[in-house]
There are 2 protein chains.
Amino acid sequence: MTPVQLFKCLADETRLRLVLLMQAEGELCVCELMAALGESQPKISRHLAQLRNCGLLQDTRRGQWVYYNIHPSLPGWASSVIDSATNAEAGRLSALRSSLKAMADRPVCC
Amino acid sequence: MTPVQLFKCLADETRLRLVLLMQAEGELCVCELMAALGESQPKISRHLAQLRNCGLLQDTRRGQWVYYNIHPSLPGWASSVIDSATNAEAGRLSALRSSLKAMADRPVCC
DNA sequence: TTTACATATTCGAATATCCATATATAATGC
DNA sequence: GCATTATATATGGATATTCGAATATGTAAA
């Protein structure tokens, strides 16, 4: 993962919000991410696939749900970049977390 | 300047190299940046204009030369992002600095 | 095995990005 | 003024990105 690759990943509102939310909340499934961001399923899924292909995310299937989280072996400089964005987006991030909390019927799985 | 705007700026090899080199060396003029990166004048100039329009760079004309540097009032989170990229690109950055040092007839101005 | 739910992928259109080439502007020196 | 050097911008083509809509896959439960 090069810096340019990471910056391309984060240079899109949807992908940045996905990454910041997972950084704050830990692993989340696709339907939780859809609810928190208020975006369509194909849109979320497409961006998640892109982030996974770059090595930024890890995915795990549990039953019918697929959980994504920040890849645990991300290099330190990449984590620092995400942390800096978290600081800059503190307000919008807490709004995302509220939307997630407000989601009805969050899957409780495994 | 939002995080997505910054990441778009840094999501291109040429622009990232420009920013890292100026972060390391302080202000540089267009011809120095051309020599260090080995890229054409219009290409360098176009990317510099883009970085200036985003608020990432500041420019000053001194005689026939235009000097660019990292904008002094860049928010802290943005500087941190650039620092993280500097850490990740240490090798390529020092190569850039060598090319700059090897440039003949660097303008000594004002 | 049929149905329902969760997620992934394909397709085509709209838009954005990047480049090389050519040309324009701006400052300096004669 | 005219020539030279430094920098900026306009144009058009190639490629990449993003999206919505439609469809495919995968899992579980009836």
Side-chain angles (χ1 to χ4, degrees), chain A residues 2 4-19 21-22 27-54 56-69 100 103-110, chain B residues 2 4-19 21-22 27-54 56-69 100 103-110:
Chain A
T2 69
V4 167
Q5 284 175 320
L6 175 63
F7 293 140
K8 278 189 179 148
C9 282
L10 301 181
D12 173 274
E13 285 287 348
T14 303
R15 288 195 297 272
L16 181 61
R17 294 197 296 158
L18 288 171
V19 167
L21 186 57
M22 281 181 276
E27 73 172 11
L28 293 169
C29 72
V30 178
C31 59
E32 290 173 317
L33 294 164
M34 288 170 54
L37 272 68
E39 302 279 359
S40 73
Q41 183 270 320
K43 184 166 172 178
I44 295 289
S45 190
R46 194 159 6 94
H47 285 298
L48 287 172
Q50 201 171 333
L51 291 168
R52 174 176 21 88
N53 293 339
C54 289
L56 201 53
L57 299 184
Q58 200 182 39
D59 64 337
T60 318
R61 177 176 280 276
R62 293 217 193 85
Q64 23 180 359
W65 293 281
V66 177
Y67 283 79
Y68 284 86
N69 61 350
L100 179 62
M103 175 188 179
D105 301 319
R106 288 179 66 180
V108 189
C109 164
C110 313
Chain B
T2 69
V4 166
Q5 284 175 320
L6 175 63
F7 293 139
K8 279 189 178 147
C9 283
L10 302 180
D12 174 273
E13 285 288 347
T14 304
R15 287 195 297 272
L16 181 61
R17 293 197 297 158
L18 288 170
V19 167
L21 187 56
M22 281 182 276
E27 73 173 11
L28 293 169
C29 72
V30 178
C31 58
E32 290 173 317
L33 294 164
M34 288 170 55
L37 271 68
E39 302 279 359
S40 73
Q41 183 269 320
K43 183 166 172 178
I44 295 289
S45 192
R46 188 165 17 91
H47 285 299
L48 287 172
Q50 201 172 333
L51 291 168
R52 175 175 22 88
N53 292 339
C54 289
L56 202 52
L57 298 184
Q58 201 182 37
D59 64 337
T60 317
R61 178 176 279 276
R62 293 218 193 82
Q64 24 180 0
W65 294 281
V66 177
Y67 284 79
Y68 284 87
N69 61 350
L100 179 61
M103 175 186 179
D105 300 320
R106 288 179 65 181
V108 190
C109 164
C110 313

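Note: hydrogens, waters and symmetry copies are ignored here, and every other heavy atom, side chains too, is used. Just so it is clear: chains get the letters A, B, ... in the order the sequence lines come, proteins before strands, and each one is counted from 1. Everything numeric in this text was worked out from a predicted model, so none of it was measured.
Scanning for salt bridge (Lys or Arg N to Asp or Glu O under 4.0 Å) contacts around A:E32 gives A:R106, with sequence neighbours left out. Looking at residues two or more places apart in sequence or on another chain, you find no side chain to side chain donor-acceptor pair (under 3.5 Å) involving A:N69. For B:Q50, the side chain to side chain donor-acceptor pair (under 3.5 Å) test picks out B:R15, with sequence neighbours left out. Residues meeting the side chain to side chain donor-acceptor pair (under 3.5 Å) test with B:N53, sequence neighbours left out: none. In this structure B:E27 satisfies the side chain to side chain donor-acceptor pair (under 3.5 Å) test together with B:R62, sequence neighbours excluded. Remark: B:R61 pairs with no residue by the salt bridge (Lys or Arg N to Asp or Glu O under 4.0 Å) rule, at least two apart or across chains. Not counting sequence neighbours, B:R46 has no partner by the salt bridge (Lys or Arg N to Asp or Glu O under 4.0 Å) test. Residues that satisfy the side chain to side chain contact (heavy atoms under 4.5 Å, CB included) test with A:T2, not counting sequence neighbours, are A:V4, A:Q5.
Direction of the helix axis in the helix from C:dT1-D:dA30 to C:dC30-D:dG1 shifts by 10° between the two five-pair termini, rounded to 10°.
Residues A:Y68 and A:V30 meet the side-chain proximity criterion, which asks for heavy atoms closer than 4.5 Å.
The nucleotide range of DNA chain D contacted by chain B, defined by atoms under 4.0 angstrom from heavy atoms of the protein and reported 5' to 3', is D:dT5 to D:dT9.
What you find for A:W65 and A:C29 is that their closest heavy atoms are CD1-SG, 4.1 Å.
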Take nucleotides 24-30 of chain C nucleotide by nucleotide from the 5' end and write B, S or -, depending on whether a protein heavy atom sits under 4.0 Å from the base, only from the sugar-phosphate, or from neither.
---SS--

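Of the residues in residues 43-52 of chain A, those with a non-hydrogen atom less than 4.0 angstrom from any atom of DNA chain C are A:S45.
Put simply, the side chain of A:Q41 and the base of C:dA6 share no donor and acceptor less than 3.5 Å apart.
Protein atom CD of B:E13 is 15 Å distant from nucleotide atom C1' of C:dT17, rounded to whole Å.
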With side chain to side chain contact (heavy atoms under 4.5 Å, CB included) as the test, would you mind laying out the steps for A:V66 and A:T60 before giving the verdict?
CA-CA 6 Å; A:V66 177; A:T60 318; over 6 Å; no

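Listed pair A:Y68 / C:dA8 meets the phosphate criterion, a side-chain N or O lying under 4.0 Å from OP1 or OP2.
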